[in-house]
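One-based numbering, in listed order, for ligands and for the atoms of each. Side chains included, hydrogens not; waters and symmetry mates left out as well; all remaining heavy atoms used.
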Amino acid sequence: MIFGRHINKYYLHYAPMLLLGTAALFMVDFLQLIIPNLYQMVINGMNRGVAEVNGQILAFDRSFLLDRICMPMVGIILAIVVGRFLWRVMFFGAAIRVEAQLRNEMFDNARRLSCEYYQVNKVGNLMSLFTNDLDTVQECFGWGIMMFLDTLLMGVLAIAKMWRMDPVLTLLSLIPMAFLLASATIVGRYMMIKWDARQEAFSKLSDFSQESFSGIAVIKAFVKEAKELMAFKALNLENEKANIDHTRASVLLRILVTMFVESVICVILGYGGYLVFQGRFNAGELVEFIGYFNAVVWPITAVSELIDMTSRGKASLERISELLDAGPVVRDRQDALELQNPQGGIRFQSLTFRYPDGEQNVLTDITAEIAPGEQVGLVGKTGSGKTTLVDLLLRTYNVEDGMIFLDGKDINSLTIKSVRNAFAYVPQDSFLFSDTIARNIAFCMPEDPIPREIENAAKMADVDDNIRDFASGYETVLGERGITVSGGQKQRISIARALMKNAPVLVLDDSVSAVDSRTEKVILQNLREIRKGKTTILIAHRISTIQQMDKILYLENGHLAAAGSHRHLMESCPGYRRMVELQQLEEEGGESHV
Ligand code: ADP
C-alpha cells in the first residue's frame, strides 16, 4: 500500500472496486479460519469416538464425516476459489487502471515541460520512470493493498480465535512477532535507500545504452566499440552491485521472518504441549491452535514483503512525482494575449541572453529589425549565437521583457502557443518520426491533408523525385525494415514539413547544409517565390546561400557586428568581408583539387 499526493485520489476513484475486493478477501479469510476447527473435530473424533459441535455431542461416524466435515469443506473450498478470483480481479484490475492513468498524467506533463528539463533529464532516465518505476507503483497498489488488508483481516481474525482458545499461549506467540515487526521496520528503511540506488544505477545504464545505440554509427566510425563496451561494463557492474545490495537486505528480511515464525512454532509446541499435559488443552485443540497460527504465517510473511514493496514503491513514486511536479520554466503570463493575425515583423531591442546554466552571455546587446515579409540571412561563425537567437524567438527559453517584439508586441506578453503558431521551424538536427513520409510532411496539419498539398510542399523542397523513387512513395514508413533517408533528404523532408505550415515566419537553421549546390539553388529559388510577402529567416554557413537575401545579420561572438545587404556588408564590415573571402578561397581550393 502506497500513499502520496499523486496516488491518493485513485483510492477514492476506485473505492467501489477496492471495497468489493475487500469484502471478497474478508470472506476468504473468514472461511479459511473454519478449517482448523474441522481438523480439531476429526482428531478429537478419532481419539474419543464422539465429536463436540456447538456443545452438542455427536457420534463420530460416516454420516458425521460426510455431513459435518466433507460437505462443508467442499463448500468452503469452492467459496474460497470464487473469493480469490474476485479480489484478484478487483485489486489488480484497479492497479492496472491506476498505472495507465498515471502514465497518461506523466506523458501529459512531460510534453508541457520546457527544453531545459530534457537537457538535465536524459531519455534513458525518463524511460525508466515510464517502465520500471511505474511497474513498481502498480505492484505496490495492487499487491500492496491486498497484502495490507490480508495481514490486517487474517491477523485480527486468527489472533481473536487463538485468544479465545488460550490468551497466554497467544501472547507468548506474539512476542517474537513484535521483534519481527521492529526489525522489519529498520531493515525496510535501509531497503528503501538501496532501492533508490538501484533505480539510479538502472537509469544510468539505460541512459548509456540509449545513447550508444543512437550513436552507433559514430562509435563504429571511430572504432570505439571496445571503449564503449568497457564503459558499459563499468555501469553494468555498478547496477549489479546496487542490485546485490538491495537483494541482500531483502534476503536478510526474509531470513528474519522465517526465524521468528519458527520460534513461534517452538513456543506453541512447548507451551501448548505443556497445556495438553496439564489437561487444559486436548490434542485436537492443539492442532486447531497450530492451524490458526499457520493461517497467520502468510500475513506475517507478507509484512516483510509489504515493507519491501512499500519501500520500493515509495522511492519509485517519489521519482515519478518529481516528473509530475515539474512545471514548465517557460510559461504563459496570466494576462498573456493571443497574437492576432501575425504579420511576421520582428524587433530585437538590446537583446542580451545567458543560458540558465551558462557562465557568460551568449548574446549581447542585439538590436535589429526584421520587417514583415523580409527575407533575412543570419550568418556568423559556429557558436556565434545564431541558433540561440531563433530559439529565443520561439520562446524556448525565457528572455527579459522589452527585448523581443513580434508585430510590435513584446513576446512575453503573448501566449506561447500563438507565438509558436506564427513560426514554421526547421531545426538544425531535423528529426523525422517513424511514420510515413506523407504524415511526416503533414505533421502540422490537424486533419488528413490533400495529397496534392503534400506533394507541392515536397516539390518546393526539391525532394518529390526522391520520395517517388521509394517503392511505396509517400507511404514509405521511415525506420521500418531499415528504410532511412540520407542527410540531405532528411533536411528537405523537414523543409517540406515547415512549408506545409505556411506560417508568417519561416526559420531554417542550417537546413540546406547537406544538399548539393544545384539543389540548394532550386530550393532557394522556390523559397523566394512561395515566401514572397512572408518573413523568412535563413541561418547558413555558405555565403552563397544568403547572398541574395534582403538583409543579412552578421553575428560575431554573440554581438551583432553588422546588418544590411550583402553589398553593404562587404563594404562596411571587415569581419564579414574576411569570412566571404575565406569561403571563396576554400571553394577555389576545393575546385582545383577536383
Ligand atoms: P550557432 O548557432 O551560431 O552555432 P549557438 O546559438 O548554437 O551558436 O550557440 C551559442 C553559444 O551558446 C555556444 O557557445 C554554445 O556552446 C552555447 N550554448 C548553446 N546551447 C546551450 C545550452 N543549452 N546551454 C548552455 N550553453 C549553450
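- Aromatic pair Tyr10/Phe141: ring centres not closer than 6.0 Å.
- Atom-to-atom distance recorded for Glu200:CD and Asn125:CG is 7.0 Å, nearest 0.5 angstrom.
- The only member of Thr436, Asn440, Asp464 that meets side chain to side chain donor-acceptor pair (under 3.5 Å) when paired with Tyr474 is Asp464.
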| task | Please report the C-alpha distance between Tyr355 and Thr388 in whole Å, then the side-chain angles of each, then the deciding distance to 0.1 Å, and finally whether the side-chain hydrogen bond (donor to acceptor under 3.5 Å, both in side chains) criterion is met. | result | CA-CA 9 Å; Tyr355 278 100; Thr388 309; 2.9 Å; yes
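- Although no hydrogens or angles enter the test, the distance criterion places no donor-acceptor pair under 3.5 Å between the side chain of Arg312 and the main chain of Trp195.
- Other residues, nucleotides and ligands contribute at most 12 non-hydrogen atoms within 6.0 Å of the CZ atom of Phe443.
- Residues of the protein with a heavy atom under 4.0 Å from ligand 1 are Gln119, Tyr355, Asp357, Val362, Lys381, Thr382, Gly383, Ser384, Gly385, Lys386, Thr387, Thr388, Tyr397, listed by chain and number.
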